[in-house]
> 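Take a look at the following structure, please.
Protein chains get the first letters and strands the later ones, always in sequence-line order, with residue 1 at the start of each. The figures that follow rest on heavy atoms only: side chains count, while hydrogens, waters and symmetry mates do not. These numbers were taken from a predicted model, which means no experiment stands behind them.
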2 protein chains.
Amino acid sequence: MTDTLQAGPRPRLNRARVLEAAVALADEIGIESLSMRRLAQELGVVPMALYKHVANKEELLDGMVDVIVGEIDPPAADADWKSGVRSRILSARHTLQRHAWARRAIETRTAMTPRVLDYMDSFVGVFLTGGLSLDLTHHAMHALGGRVWGFTQELFEDPAAPAPAVSDADRAEMLRQAAQRYPNVVAIATSVTHDEGSVVGHGCDDQFEFEFALDLLLDGFERLHARGWTSRGAKTQQSNTEAAKTAR
Amino acid sequence: MTDTLQAGPRPRLNRARVLEAAVALADEIGIESLSMRRLAQELGVVPMALYKHVANKEELLDGMVDVIVGEIDPPAADADWKSGVRSRILSARHTLQRHAWARRAIETRTAMTPRVLDYMDSFVGVFLTGGLSLDLTHHAMHALGGRVWGFTQELFEDPAAPAPAVSDADRAEMLRQAAQRYPNVVAIATSVTHDEGSVVGHGCDDQFEFEFALDLLLDGFERLHARGWTSRGAKTQQSNTEAAKTAR
DNA sequence: ACCTGAACACCGTTCAAGT
DNA sequence: ACCTGAACACCGTTCAAGT
């Protein structure tokens with residue numbers, strides 16, 4: 001029972017250890033189950049001990065996001081802004097996918113930490129050094145939204161809970177009934193996976209869907225850039241609700 | 001003290017009254033403060049009384065989303081699919097903006113209610129009757145993501161908490177320091193509002209940013225449709241990570 | 001300087017009862 | 001059929017102590 005090499009009786013807490021443990025715990029049990037008390041227990045410590053190292057739960061979450069941001073690969077020096085942005089986003093996506101809770105955590109942050117601002121700044125820099133105008137870069141960042149972190153703006157959460165086990169026959173019958181009431185939804189849901197013989201949904205290739213939308217946007221930026229588009233022109237030239245149509 | 005016309009002592013609960021009250025309460029105090037207990041109190045009833053009308057809090061949230069979906073204007077019969085989709089989305093956006101909590105609530109739903117499926121089905125129908133392929137429509141819906149509800153995929157929440165009151169001088173100094181460390185972020189943040197003389201951020205025209213990204217995507221769909229694009233072609237023709245580049 | 005213990009004001013939800 | 005009361009197993013966070 002020496003305390004040199006094993007998990008060891010509390011090597012004393014510090015901020016880094018707290019954040020690290022929080023990330024690992026969230027990976028394991030999910031962000032909705034991560035509580036200060038549960039985390040304290042994991043660290044073999046009383047809940048209030050954590051408050052010496054993070055001001056409160058919000059700051060804990062800020063710190064956890066910082067840890068993730070630190071895991072994103074630095075940008076490769078790409079030839080052009082477009083592939084530079086593209087590869088940086090795909091690299092962020094790769095990192096974020098290792099931490100299923102990260103998306104939700106990022107979305108609920110109300111302020112950017114210095115570390116997050118560093119990330120954003122280098123990101124914006126890729127556009128600017130690529131020659132895009134401040135104006136276009138501004139709107140491009142907005143249009144990308146959460147995609148700069150590599151997450152898709154899904155309509156609904158992943159089902160997470162595995163669908164209850166049903167027989168193939170019941171499954172087919174359910175699908176038939178659904179197709180009666182929601183013909184269009186069922187049609188597009190089955191259209192893509194159809195080719196591979198799977199039945200419904202979740203043959204969905206998330207990576208493909210992500211890149212599909214990403215490239216649509218990047219191509220759009222490129223086209224606007226090439227024609228010297230400005231938002232001022234877009235706004236004054238046209239009616240309000242048709243404003244962005246110059247994108248055409 | 002007659003109980004005919006006034007707020008009245010409990011006109012007896014039912015599901016509709018519970019959901020209605022929940023929506024109103026969430027509008028007022030925010031989704032994070034909405035609890036079963038608080039809602040019960042608002043209805044002048046003991047917490048457990050609610051459980052006769054909704055199975056649990058998740059089902060309450062499902063029902064609240066249904067209420068919102070019911071508020072979205074029915075689609076105008078537009079000439080072409082593109083303006084049909086566009087106006088439907090802007091109409092959804094208009095409705096959702098009346099309920100600041102709705103976005104978060106929708107994002108956390110794990111299954112679609114029949115009412116939500118109805119909405120999606122009619123939405124998909126606009127693409128299909130417009131002549132788009134099942135394949136393209138499928139990917140288009142994914143690319144739009146939460147935008148079919150009219151919300152932007154913002155990088156971070158709205159600051160919500162109003163920035164602490166600081167003098168213009170302090171504000172300028174803070175900006176100067178920030179520009180030192182985050183030159184690119186400050187540059188694009190100030191670029192757009194610059195024209196109108198405001199100092200930083202939040203001169204941002206959310207509606208413009210939303211339509212900018214929306215139209216970029218819609219224009220992209222149109223272009224792909226015109227050239228008979230298929231995802232099968234996109235996938236087999238090219239390397240994996242470059243898959244969606246046919247969007248060009 | 002760091003950790004503890006007890007307490008406060010909350011949660012969602014159960015179970016067994018009341019009318 | 002609908003509502004109540006008491007209880008259980010949780011939360012985040014405070015305050016005053018301990019070492």
> Are any non-hydrogen side-chain atoms of Arg104(B) and Glu107(A) less than 4.5 angstrom apart?
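Heavy-atom side-chain distance check passes, below 4.5 Å.
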> In whole Å, I'd like the distance from the NZ atom of Lys52(B) to the C1' atom of dG12(C).
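Rounding to the nearest Å, NZ of Lys52(B) and C1' of dG12(C) are 17 Å apart.
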> Counting distance only, does the side-chain N/O of Arg181(A) pair as donor-acceptor with the main-chain N or O of Gln177(A) below 3.5 Å?
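No, Arg181(A) side chain to Gln177(A) backbone: no donor-acceptor pair under 3.5 Å.
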> Is there a side-chain contact between His53(A) and the phosphate of dC2(C), meaning an N or O under 4.0 Å from OP1 or OP2?
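Checking His53(A) against dC2(C): no side-chain N or O falls below 4.0 Å of OP1 or OP2.
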> Whole angstroms only, please: what is the CG-C1' distance between Asn14(B) and dA1(D)?
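In whole Å, dA1(D) C1' lies 13 Å from Asn14(B) CG.
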> Do the side chain of Arg88(B) and the main chain of Asp73(B) share a donor and acceptor less than 3.5 angstrom apart?
yes
> In whole angstrom, give the distance that lies between atom CG of Leu50(A) and atom P of dT14(D).
13 Å
> For the side chain of Arg115(A) and the backbone of Val65(A), is there at least one donor-acceptor N/O pair under 3.5 Å apart?
no
> Can you check whether His142(B) reaches Phe208(A) side chain to side chain, under 4.5 Å on heavy atoms?
no
> Polar atoms only, N or O, under 3.5 Å: list the protein pairs with nucleotides 15-19 of chain C and their distances.
none

> Would you please name every residue forming a side chain to side chain donor-acceptor pair (under 3.5 Å) with His99(B), sequence neighbours left out?
Asp27(B), Glu71(B)
> Go ahead and write out DNA chain C as dot-bracket, 5' to 3': ( ) for pairs within the strand, [ ] for ones crossing earlier pairs, | when the partner sits on another strand, dots for unpaired; Watson-Crick or G-U wobble, both distances under 3.5 Å.
||.|||||...|||||.||
> Salt-bridge test for Arg93(A) and Glu211(A): reply yes if a basic N is under 4.0 Å from a carboxylate O, no otherwise.
no
> Can you say whether the rings of His139(A) and Phe212(B) are parallel (under 30°), tilted (30 to 60°) or perpendicular (over 60°)?
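Geometry flag for Phe212(B) against His139(A): tilted rings.
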> Is there a side-chain contact between Phe210(A) and Ile89(A) in this structure, where contact means two heavy atoms from C-beta onward sitting under 4.5 Å apart?
yes
> Which of residues 20-28 of chain B have a heavy atom under 4.0 Å from DNA chain D?
none
> Under the side chain to side chain donor-acceptor pair (under 3.5 Å) rule, collect the residues that match up with Gln153(B), sequence neighbours excluded.
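None.
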> Under 3.5 Å between N/O atoms: give me all the protein pairs with nucleotides 9-11 of chain C, atom names plus distance.
unit_1: dC11(C); atom_1: OP1; unit_2: Ser35(B); atom_2: OG; d: 3.1

> Is the shortest side-chain heavy-atom distance between Lys52(B) and Leu13(B) below 4.5 Å?
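No, too far: nothing below the 4.5 Å cut-off.
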> Starting at atom CG of Leu39(B), determine the distance to atom P of dT13(C), rounded to an integer number of angstrom.
13 Å
> Are side-chain heavy atoms of Leu60(B) and Met64(B) found at a separation under 4.5 Å?
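They are in side-chain contact.
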> Can we say Glu20(B) and Arg17(B) salt-bridge, meaning some charged N sits less than 4.0 Å from an Asp/Glu carboxylate O?
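Salt bridge absent between Glu20(B) and Arg17(B).
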> Tyr51(B) has an atom OH; how far is it from atom P of dA6(D), in whole Å?
18 Å
